[in-house]
Amino acid sequence: MIRIHNSLTGQKQELQPVEPGHVRMYSCGVTVYDFFHVGNARMLVVFDMVSRYLRHRGLRVTYVRNITDVDDKIINRAREAGVDWREHARKFTAAMHEDLDALGCMRPEKEPKASEYIDAMLRMIGQLVDNGYAYQASNGDVMYDVRKFAAYGKLSGRKLDELRAGARVEVDEAKRDPLDFVLWKSAKPGEPAWPSPWGEGRPGWHIECSAMSTQELGPHFDIHGGGLDLKFPHHENEIAQTCGASAAKFAEIWMHNGFLNIDNEKMSKSLGNFFTTREVLAKIKHPEVLRFFLLSSHYRGPMNYSPDQLELAEAGLNRLYTALRDVPVDAGVPATASAATDAFHAAMDDDFNTPEAIAVLQGLARELNSARSAGDPGKSARLAAELRSLSGALGLLRMAPEDWFRAGARAGGLSDGDIEARVAARLAARQARNWAESDRIRQELADAGVILEDKPGGATTWRRA
RNA sequence: GGCUAGGUGGCAGAAUGGUUAUGCAGCGGCCUGCAAAGCCGUCUAUGCCGGUUCGAUUCCGACCCUAGCCUCCA
């Protein structure tokens, strides 16, 4: 039984797919106006983990993650760059895929682009107008009439009056209520526009997700995810739209991942504490370090980004890969389930407790190290297969250990060949019991960021720190 | 002002009404020419004040502190 915290009720509930055995999930992807930042990366990795784990548990998963490619920010950036907005969006969509591949995020079953779903949006806006939930304001925009939707505020746990009382929004004369939001913006010169029954224009942000999720998954599906900051107003508005258009149940479970903070503050451009995933990837040994870091605390809590944290993540991965090192991958050895597998599943079944699941992996690594030093190759191979299988459910330990240890040509810049030549020279010195020379070479390599490990029997392995 | 989440050992981070994860760092031992890695052992913790209880870090209440949302935002 898989239990998931539902933001709608504030409680954990059992996942019972609307279609038995088939989980259909949607998450709000990124707006492709720039490289996505590490906060986006957290959301993307979290929901990739969710979809991977559900598949690992034998469920069929249809995962839909949209791409917002019609948006003010894209239009503005494209204008600044002097390129067509479509070209700007295409460029950053390609970059997004590169970074996601690096992070080990699988491609969702569908990645709808807003610009290709205008018809679906217009259809939904039409339904909302017909059902009395929307109106065309004096400025030509089509607005959602929040007062007509009785359940407005349910997801964010607030009443319309409370929301309005704290509202810092400027009162827009065209709106019937300050919280009314735009479904269709009437065209402005130089902006992308499509024809509609309400005149030329383009969609509001919120309607994009409602239309795309309904089109791809229908109005009633299992999981809707996104960052905590989307809870209000974006997801509240999605509920108002989808339910207003078809009286649907919409998503059974709403999942929200916590923020990734920097120096315990939310990252933002005004504070200048803003990192793109690309910048971070360039600084670390391997993208898997970032993925491990992002999964090392529970998805719902806040987490703090810092270089120290990334070092801890790298150390954690080193330990796991070390356990796997020198254990031959034997295709004939099945991943036998042990108590560790049960513990792993128990942790993950309880609202995707990845930190506890990783602790189980660490325990497995310890067992594996013990089995290897006890000279039990059968047990080692069995445990290694189990460790790989469980890690795979989190999208971790996807590399061959040797590739992991050789990754990260950082300071020093010695090639593999350079290193191996020095290792050979040191071996000769060792055989001559010339410890001074041996230690000199080892220190020389250490200064270049390469750590040597002598194995019993005379072999020496190396790794980049 | 309203609403929400959280305050765990040197750091990160889980869990739990009593036996107190996991990783990093530290300390002792084994191993090693010496290391590294690994293994074994080990030291530090539950914001503050009340209450419920045989017993609370865990439940309840007050307080202090932090972050977030109420505006585009993963």
Side-chain angles (χ1 to χ4, degrees), chain A residues 7 10 27-31 33 36-47 71-73 153 156-159 161-170 178-179 181 205 225-234 236 256-261 264-269 274 277 292-293 296-298 300-304 306 308-309 311-320 322-323 325-326 343 347 350 353-363 365-374 405 430 433-436 438-439 442-443 446 451-456 460-463 465:
Chain A
S7 299
S27 77
C28 296
V30 300
T31 301
Y33 67 102
F36 64 83
H37 56 69
V38 277
N40 292 304
R42 184 178 188 193
M43 170 260 144
L44 293 161
V45 166
V46 161
F47 290 102
D71 176 87
D72 288 341
K73 280 187 280 204
S156 44
R158 274 170 285 212
K159 295 189 176 69
D161 291 335
E162 292 170 352
L163 287 165
R164 213 178 277 125
R168 284 173 276 169
V169 283
E170 285 182 30
L179 292 165
F181 56 92
W205 175 46
L228 190 56
D229 49 352
L230 296 188
K231 196 169 176 180
F232 186 88
H234 182 58
E236 197 74 70
H256 292 101
N257 65 276
F259 286 115
L260 182 68
N261 297 321
N264 294 312
E265 285 183 308
K266 182 178 170 176
M267 72 171 109
S268 74
K269 298 204 165 166
F274 185 92
T277 301
F292 186 93
F293 162 67
S296 66
S297 70
H298 189 88
R300 275 194 285 124
M303 69 187 300
N304 204 34
S306 78
D308 289 355
Q309 297 302 320
E311 276 180 35
L312 283 179
E314 186 179 324
L317 278 172
N318 266 336
R319 183 165 167 80
L320 294 177
T322 297
R325 205 176 193 183
D326 302 328
D350 184 12
N353 192 333
T354 53
E356 200 172 331
I358 288 173
V360 172
L361 300 181
Q362 301 281 17
R366 182 184 296 274
E367 264 193 272
L368 179 44
N369 288 332
S370 295
R372 189 178 35 204
S373 45
F405 288 113
R430 291 188 73 213
R433 305 187 69 79
N434 183 350
W435 307 128
S438 164
D439 291 350
R442 183 169 62 194
Q443 187 57 46
I451 296 163
L452 300 188
E453 291 165 3
D454 295 331
K455 302 283 170 163
T460 296
T461 58
W462 59 269
R463 62 189 164 93

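Just so it is clear: chains get the letters A, B, ... in the order the sequence lines come, proteins before strands, and each one is counted from 1. Only this structure's heavy atoms are used, side chains among them; waters, hydrogens and symmetry mates stay out.
- Closest contact between the side chain of A:Ile451 and the listed nucleotides B:G33, B:C40, B:A36 involves B:A36.
- Across all strands shown, B:U66 pairs with B:A5; the Watson-Crick or G-U wobble distances both stay below 3.5 Å.
- With B:G13, B:A15, B:A36 as the candidates, the nucleotide lying closest to the side chain of A:Asn353 is B:A15.
- Between the side chain of A:Asp439 and the base of B:G33 there is at least one donor-acceptor pair of N/O atoms closer than 3.5 Å.
- The partner of B:G33, taking Watson-Crick or G-U wobble pairs whose two distances both stay under 3.5 Å, does not exist in any strand shown.
- Counting any heavy atom pair closer than 4.0 Å across all strands shown, A:Phe232 reaches sugar-phosphate atoms only and no base atom.
- With hydrogens and angles disregarded, no donor-acceptor distance shorter than 3.5 Å links the side chain of A:Ser438 to the backbone of A:Asn434.
- As judged by a 4.0 angstrom heavy-atom cut-off over every strand, A:Leu44 is placed among residues making no nucleic acid contact.
- Side chains of A:Phe405 and A:Thr461 form no contact here, defined as non-hydrogen atoms less than 4.5 Å apart.
- Residue A:Gly39 is in base contact, counting any heavy-atom pair closer than 4.0 Å across all strands shown.
- Remark: the separation of the C1' atoms in B:G47 and B:U58 is 15 Å, to the nearest Å.
- B:G33 has its base stacked against the ring of A:Trp435, the centroids being under 5.5 angstrom apart at an interplanar angle below 30°.
- With rounding to whole Å, A:Met267 atom CE is found 16 Å from B:C72 atom C1'.
- A:Asn257 places its CG atom 21 Å from the P atom of B:U4, with the value rounded to the nearest Å.
- With the nearest nucleotide of RNA chain B identified for both A:His298 and A:Ile358, A:His298 has the one nearer the 5' end.
- In this structure, the nucleotide among B:C24, B:C69, B:A74 sitting nearest to the side chain of A:Arg319 is B:C24.
- Using C1' as the reference atom, B:U20 and B:A14 are 12 Å apart when rounded to the nearest Å.
- A:Leu230 comes within 4.0 angstrom of sugar-phosphate atoms only, judged by non-hydrogen atoms across all strands, and of no base.
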Give the C-alpha distance, both sets of side-chain angles, the deciding distance and a yes or no for side-chain contact (heavy atoms from CB on, under 4.5 Å) between A:Phe259 and A:Met303. CA-CA 6 Å; A:Phe259 286 115; A:Met303 69 187 300; over 6 Å; no
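- When the C1' atom is used for both B:C24 and B:A37, the distance is 15 Å, rounded to whole Å.
- Contacts of A:Thr461 with the nucleic acid, taken as non-hydrogen atoms under 4.0 Å apart, are absent.
- What separates CD of A:Gln309 from P of B:C11 is a distance of 12 Å, to the nearest Å.
- Side-chain contact between A:Asp71 and A:Tyr33 is absent, with no heavy atoms from C-beta onward closer than 4.5 Å.
- Separating the CG atom of A:Leu179 from the P atom of B:C69 is a distance of 17 Å, rounded to the nearest angstrom.
- Note that CZ of A:Arg463 is 10.0 Å distant from CG of A:Leu452, once rounded to the nearest 0.5 Å.
- Using atom C1' as the reference point in both B:C34 and B:A25, the two lie 23 Å apart (nearest Å).
- Of the inter-residue distances, the one linking A:Lys266 atom NZ with A:Asp229 atom CG reads 5.0 Å to the nearest 0.5 angstrom.
- Minimum atom distance to the side chain of A:Glu356 is reached by B:A15, of the listed B:G33, B:G23, B:A15.
- Contact check for A:Asp326 versus A:Lys455: side-chain heavy atoms found under the 4.5 Å cut-off.
- In this entry the distance linking CG of A:Leu452 with C1' of B:C34 reads 13 Å, nearest Å.
- In this structure, CD of A:Glu367 is placed 15 Å from C1' of B:G38, rounded to the nearest angstrom.
- The interatomic distance linking A:Arg442 (CZ) with B:A35 (P) rounds to 9 Å, in whole Å.
- Summarising the geometry, the separation between CG on A:Leu228 and P on B:U4 is reported as 13 Å, rounded to the nearest angstrom.
- For A:Arg366, taking side-chain heavy atoms from C-beta onward, the closest of the listed nucleotides B:C40, B:C34, B:A12 is B:C40.
- Closest approach to the A:Ser370 side chain among B:U71, B:G33, B:C39 is made by B:C39 (side chain taken as heavy atoms from C-beta onward).
- Nearest-nucleotide positions on RNA chain B place A:Arg463 closer to the 5' end than the other of A:Arg463 and A:His37.
- Rounded to the nearest Å, the gap between the P atom of B:A21 and that of B:G10 is 16 Å.
- Here the separation of B:A5 from B:G9, taken at their C1' atoms, is 23 Å to the nearest Å.
- Residue-to-nucleotide contacts include no donor-acceptor pair under 3.5 Å from the side chain of A:Asp229 to the base of B:C72.
- Remark: B:G28 base-pairs with B:C40. Criterion, Watson-Crick or G-U wobble with two distances under 3.5 Å.
- Using the Watson-Crick or G-U wobble rule with both distances under 3.5 Å, B:A56 pairs with nothing in any strand shown.
- Listed candidates were B:C11, B:C69, B:A74. Nearest to the side chain of A:Lys266 is B:C69.
- Among the protein residues, A:Gly258 comes within range of the nucleic acid bases, having at least one heavy atom under 4.0 Å from a base atom.
- Nucleotides B:G38 and B:U22 are separated by 15 Å at their P atoms, to the nearest Å.
- Nearest nucleotide to the A:Glu453 side chain, out of B:A74, B:A36, B:C39: B:A36.
- Ranking B:C39, B:C72, B:U22 by closeness to the A:Asn369 side chain, first place goes to B:C39.
- Checking B:G13, B:C34, B:G68 against every side-chain atom of A:Met303, the shortest atom distance belongs to B:G13.
- Looking only at distances, a side-chain donor or acceptor of A:Arg372 sits under 3.5 Å from a matching main-chain atom of A:Arg325.
- A donor-acceptor contact shorter than 3.5 Å links the side chain of A:Thr277 to the backbone of A:His37.
- The gap from the C1' atom of B:U42 to that of B:C63 amounts to 38 Å, rounded to the nearest Å.
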